[in-house]
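Residues: numbered from 1 along the sequence shown. Note that the structure is a prediction, hence the values are computed from the model and not measured.
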Amino acid sequence: MGEFDEQKIIVLEAAKRFLESGLTVGTSGNISLRTSKKAEIMAITPSSRNYNELTIDDIIVVDFSDENDKFEVIE
């Protein structure tokens, strides 16, 4: 298990609920969650992927804390 698995599961479940309820269609949009561990770290769905086919391993965790607007994928 990774450090951010709990947050990744929340994002994955939310993405699937959004699709089931009609709040998103096909592969449009992204679902993200700022982690409670650090506000600059976010778990987010990938672009252009069907939410029904996503697994926890498809959700990435990104650190946006760089002052030069660069980011780092941590998981």
Problem - Test item: Asp58 and Arg49 side chains (from C-beta on) under 4.5 Å apart, heavy atoms - result: yes
Exercise for the section: Using side-chain contact (heavy atoms from CB on, under 4.5 Å) as the criterion, point out the one residue from Val11, Asp5, Ile10, Ile9 that pairs with Ile59. Expected result: Val11
Practice task
Please examine the side chains of Tyr51 and Ile31, heavy atoms only from C-beta on, and report whether any two atoms are closer than 4.5 Å.
Solution key: yes
Fill in the blank from the handout: Between Ile41 and Val61 the two heavy atoms that sit nearest each other are CG2-CG1, 3.4 Å
Practice task
Decide whether Phe18 and Leu12 are clustered together by the hydrophobic rule: side chain heavy atoms of Ile, Leu, Val, Met, Phe, Trp, Tyr closer than 4.5 Å, transitively.
Solution key: yes
Handout entry: CZ/Phe64: more than 12 non-hydrogen atoms of other groups inside 6.0 Å
Key = yes
Handout entry: Atom pair CD/NZ of Glu13 and Lys8 - distance to nearest 0.5 Å
Key = 14.0 Å
Problem - Test log, rule side chain to side chain contact (heavy atoms under 4.5 Å, CB included), inputs Asp63 and Phe71 - result: CA-CA 6 Å; Asp63 183 343; Phe71 63 90; over 6 Å; no
Problem - Within-4.5 Å side-chain heavy-atom neighbours: Val62 and Ile74 - result: no
Exercise for the section: Taking only Lys NZ, Arg NE, NH1 and NH2, and the carboxylate oxygens of Asp or Glu, determine whether Arg34 and Glu40 approach each other closer than 4.0 Å. Expected result: no
Problem - Asn30 side chain to Thr45 backbone, donor-acceptor under 3.5 Å - result: yes
Handout entry: Any donor-acceptor N/O pair, Gln7 side chain to Leu33 backbone, under 3.5 Å
Key = no
